[in-house]
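Take a look at the structure set out below.
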Amino acid sequence: VQLQASGGGLVQAGGSLGLSCAASGINFKITTMNWYRQAPGKERELVATITSGGSTNYADSVKDRFTISRDWAKRTVYLQMSSLKPEDTAVYYCNTWYRGDHWGQGTLVTVSS
């Protein structure tokens with residue numbers, strides 16, 4: 001199983017950024033995919049979830065600013081982030097449970113004020 005995340009970077013507050021996570025070695029059609037983040041000195045938190053049926057759920061802190069989506073053909077899950085705030089600065093991880101707990105390598109998002 002491999003989850004390859006990409007798309008992090010530096011952005012100014014109020015800006016937008018998109019993350020991608022390409023999955024291999026899993027049955028992508030049946031798995032729920034998650035994005036987590038971990039800010040410096042804080043615990044990892046669940047940011048967004050998308051089920052195999054396309055239902056989504058978001059942390060209150062990102063609701064109406066972030067959008068999670070998935071492309072079954074590309075076996076990729078996305079996180080589109082807008083109206084970014086400095087407190088969104090974190091390492092973002094994609095995650096899924098498929099015969100075990102699997103994590104991507106993380107991608108750093110830095111939002112400057």
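Nothing fancy with the numbering, it's 1 onward along the sequence.
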What pairs meet the side-chain hydrogen bond (donor to acceptor under 3.5 Å, both in side chains) rule with one or both residues in residues 2-25, with sequence neighbours excluded?
none

The remaining residues in the hydrophobic cluster of Val91, counting side-chain heavy-atom contacts under 4.5 Å among Ile, Leu, Val, Met, Phe, Trp and Tyr, are Tyr36, Leu46, Tyr93, Trp103, Leu108

Minimum heavy-atom distance between Thr107 and Ala5, given as atom pair plus value:
CG2-CB, 4.4 Å

Got a sec: does the CG of Asp101 have more than 12 other heavy atoms crowding it under 6.0 Å?
yes

Which pairs count as disulfide (SG to SG under 2.5 Å) when at least one residue sits in residues 41-75, sequence neighbours excluded?
none

Within residues 73-113 or reaching into it, pairs that qualify as disulfide (SG to SG under 2.5 Å) - sequence neighbours excluded
Cys21-Cys94

Quick one, Val47 and Asn34 - any side-chain contact, counting heavy atoms below 4.5 Å?
no

Do Trp35 and Leu19 have side chains that approach each other closer than 4.5 Å (heavy atoms only, starting at C-beta)?
yes

Which distance, rounded to the nearest 0.5 Å, do you find between the CG of Leu17 and the CE of Met81?
4.5 Å

By side-chain hydrogen bond (donor to acceptor under 3.5 Å, both in side chains), Arg75 pairs with (sequence neighbours left out) none

Other than Trp97, what residues sit in its cluster of Ile, Leu, Val, Met, Phe, Trp and Tyr side chains whose heavy atoms are under 4.5 Å apart, directly or through others?
none

For Lys29, give me all partners under side-chain contact (heavy atoms from CB on, under 4.5 Å), at least two apart in sequence or on another chain.
Asn27, Trp72

Rounded to the nearest 0.5 Å, how far apart are CG of Asp64 and OG of Ser82?
9.0 Å

Min side-chain heavy-atom separation Thr67-Leu79 under 4.5 Å
no

Going hydrophobic residue to hydrophobic residue with side-chain gaps under 4.5 angstrom, can you get from Ile50 over to Val1?
yes

For the student: nearest non-hydrogen atoms of Leu10 and Ser112, plus distance
CD1-CB, 4.3 Å

Compare all side-chain heavy atoms of Thr32 with those of Ser52 and state whether any distance is below 4.5 angstrom.
no

Residues forming a side-chain contact (heavy atoms from CB on, under 4.5 Å) with Thr31, sequence neighbours excluded:
Ile26, Phe28, Met33, Arg70, Thr96, Tyr98

Applying salt bridge (Lys or Arg N to Asp or Glu O under 4.0 Å), which residue pairs with at least one partner in residues 103-113 are found, sequence neighbours left out?
none

Can you give each donor-acceptor pair under 3.5 Å made by side-chain atoms of residues 55-62, sequence neighbours left out, with the distance rounded to 0.1 Å?
from  : atom 1 : to    : atom 2 : distance (Å)
Tyr58 : OH     : Ile68 : N      : 2.9
Asp60 : OD1    : Lys63 : NZ     : 3.1
Ser61 : OG     : Arg37 : NH2    : 3.4

Where at least one partner belongs to residues 102-113, residue pairs that pass salt bridge (Lys or Arg N to Asp or Glu O under 4.0 Å), sequence neighbours excluded:
none

Among the clusters formed by ILVMFWY side chains lying less than 4.5 Å apart, do Val111 and Tyr92 turn up in the same one?
yes

